[in-house]
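Here is the structure we will look at, set down as structure tokens.
The basis for the numbers below is simple: all heavy atoms, side chains too, and nothing from hydrogens, waters or symmetry mates. Worth saying up front: this structure is predicted, and the values here are computed from it rather than measured.
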Amino acid sequence: MSDRETQPVERQLPTDEARDLLALVRDIAQREIAPKAAEEEDAGRFPREVFTLLSEAGLLGLPYDPEHGGGEQPYEVYLQVLEELAAARLTVGLGVSVHTLASYALATHGTKQQQVEHLPAMLGGGLLGAYCLSEPSSGSDAASLRTRAVRDGDDWVLDGTKAWITHGGIADFYTVMARTGADGPRGITAFLVPGDAEGLSAAVPEKKMGLKGSPTAQVHLDGVRVPDDRRIGEEGQGFGIALSALDSGRLGIAACAIGVAQAALDQAVAYATERRQFGHPIADFQGLRFLLADMATQIEAGRALYLAAARLKDAGRPFAKQAAMAKLHCADTAMRVTVDAVQVLGGYGYTADFPAERYMREAKVLQIVEGTNQIQRMVIARHLAGPESR
């Protein structure tokens, strides 16, 4: 590869503290994450020690209350941390986003007692979370979930199967949406389930196109008993909590997508300035220069879109439409940019000797997770034209 140094992304950060935080994240990414990424992804190895390090550095609870171990950082800053982590290795960036998503219900809807009891360990005590909404027969139609929780004295007994669970089988806690009432969204309640609960088990992880280091598995709940003090929010409030969490989670996916796209662009530029054909670096040829320019422009537009949505959230203003737009645009951008990066590298881009092919495989899942991009279009359209007529 070229000796040309990759320039850090020029970021507009609100405070000196945020600038120091991003510098710390870059240092961890460059020293502890990126050098092992290709080998460990190929081996399908989950880097639990990296998440322990991130927890010790205070990076697993950035957007939450410092009273319970959070970092009290605005989403504008937290998302840029995710972008840096995802650029080094998507398994790590996505893992932090999912952990933040799994912590959301308790951090925003838990009682004071629940937060005092559980959040310090979740946000800064080395624990890792998973978010359980989807099921084998309810993906995009999440309100049709079948996992059931039945009251038994002071406990709830949970039975059912959750699907496509990131960190399934290795998480220390699961935020589980289960049906406690009638069919439909109003019959769903949220629960905080310990990872070692009796009756909880995970299937063999899915064999995936990419993100091989990040386990994705079905989670089975067979008579899992949890006390009522692990119910989050009121009975029937779970689906609203889940959707609110996903609005924020979609911003995390958008930031991760831009991180992957930026990594692909950086590699494409480095390769193009080194590779010579017809006596010149291929970066001299106008067709390729225009391709690189388009890639960079799409990335900058995506970054601006997710940051604009984050600033709305930080200001306490509605941001669901903008979150859907950011997830849609950024995930599509990651797919386009990574495909173009493979093209810039030519035959080398199709080999595992360079990470371009891994970026392309990983980008695809970002158009699917936390609401497919088709669902994002439905969300955006509803904000523009109202609900569909049935």
Side-chain angles (χ1 to χ4, degrees), residues 94 97-98 100-102 104-105 130-148 160-168 174-191 203 205-211 214 216-221 236-257 306 309 318-335 362-390:
L94 185 72
S97 181
V98 168
T100 303
L101 177 69
Y104 177 93
Y131 178 80
C132 299
L133 176 62
S134 294
E135 298 185 357
S137 60
S138 61
S140 296
D141 182 15
S144 67
L145 66 84
R146 297 177 182 176
T147 295
R148 183 162 291 278
T161 296
K162 294 297 182 178
W164 310 112
I165 306 305
T166 300
H167 303 155
Y174 296 82
T175 297
V176 178
M177 304 301 163
R179 187 163 303 285
T180 56
D183 291 346
R186 296 182 181 179
I188 296 170
T189 302
F191 297 89
E206 307 288 351
K207 295 181 179 180
K208 307 191 299 286
M209 177 190 301
L211 274 180
S214 176
T216 304
Q218 289 191 356
V219 172
H220 304 300
L221 301 123
Q237 194 180 6
F239 194 67
I241 294 173
L243 293 186
S244 178
L246 285 174
D247 284 339
S248 299
R250 284 165 182 162
L251 291 180
I253 299 301
C256 287
Y306 86 62
F319 70 99
K321 178 182 72 174
Q322 288 80 4
M325 288 177 169
K327 198 273 185 183
L328 168 64
H329 176 85
C330 293
D332 282 351
T333 290
M335 195 71 250
E362 292 177 342
K364 183 59 199 173
V365 78
L366 300 173
Q367 295 178 306
I368 299 170
V369 295
E370 294 191 29
T372 67
N373 279 14
Q374 287 70 33
I375 290 294
Q376 305 313 313
R377 290 176 170 90
M378 290 174 61
V379 170
I380 296 163
R382 285 171 185 163
H383 280 277
L384 296 175
E388 300 91 334
S389 299
R390 296 294 187 186

Can you list everything that forms a side-chain contact (heavy atoms from CB on, under 4.5 Å) with [X]? Sequence neighbours excluded, please.
X      : result
Val365 : Leu211, Val369
Ser137 : Arg146
Ala381 : none
Pro185 : Ala143, Phe239

message: Using side-chain heavy atoms (C-beta onward) and a distance below 4.5 Å, is Glu206 in contact with Trp164?
response: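 Sidechains of Trp164 and Glu206: in contact.
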field: 4.5 Å side-chain heavy-atom contact, Glu388 and Arg382
entry: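 Yes, their side chains come closer than 4.5 Å.
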What are the two closest non-hydrogen atoms of [X] and [Y], and how far apart are they?
X      : Y      : result
Arg250 : Ala323 : CB-O, 4.1 Å
Tyr174 : Val219 : CE2-CG2, 3.9 Å
Ala130 : Val98  : CA-CG1, 4.5 Å
Ala320 : His383 : CB-NE2, 3.8 Å
Ala331 : Leu366 : CB-O, 3.3 Å
Ala254 : Cys330 : O-CB, 3.5 Å

- prompt: Picking from Leu145, Leu243, Thr175, what satisfies side chain to side chain contact (heavy atoms under 4.5 Å, CB included) with Leu133?
  reply: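 One option only clears the test, and that one is Leu145.
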- prompt: Backbone N or O of Ala182 within a donor-acceptor pair of the Arg179 side chain at under 3.5 Å?
  reply: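 Yes, Arg179 side chain to Ala182 backbone: donor-acceptor pair under 3.5 Å.
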Sequence neighbours left out, what passes side-chain hydrogen bond (donor to acceptor under 3.5 Å, both in side chains) with [X]? Give chain and number order.
X      : result
Tyr131 : none
Lys364 : Gln367
Ser248 : Lys313
Glu135 : Thr147, Lys162

- prompt: Considering residues at least two apart in sequence or located in another chain, which fulfil the salt bridge (Lys or Arg N to Asp or Glu O under 4.0 Å) criterion with Arg148?
  reply: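 By the salt bridge (Lys or Arg N to Asp or Glu O under 4.0 Å) rule, Arg148 matches no residue at all.
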task: Can you sort out the partners of Arg377 under salt bridge (Lys or Arg N to Asp or Glu O under 4.0 Å), two or more places apart, ordered by chain and number?
output: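 For Arg377, the residues satisfying salt bridge (Lys or Arg N to Asp or Glu O under 4.0 Å) (neighbours in sequence not counted) are Asp332.
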query: Between atom CD1 of Ile380 and atom CD of Gln322, what is the distance when rounded to the nearest 0.5 Å?
result: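 Between atom CD1 of Ile380 and atom CD of Gln322 there are 9.5 Å.
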query: Which residues pass the ring-ring contact (aromatic ring centres under 6.0 Å, His included) test with Phe191, sequence neighbours left out?
result: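 With neighbours one apart ignored, the set is Trp156.
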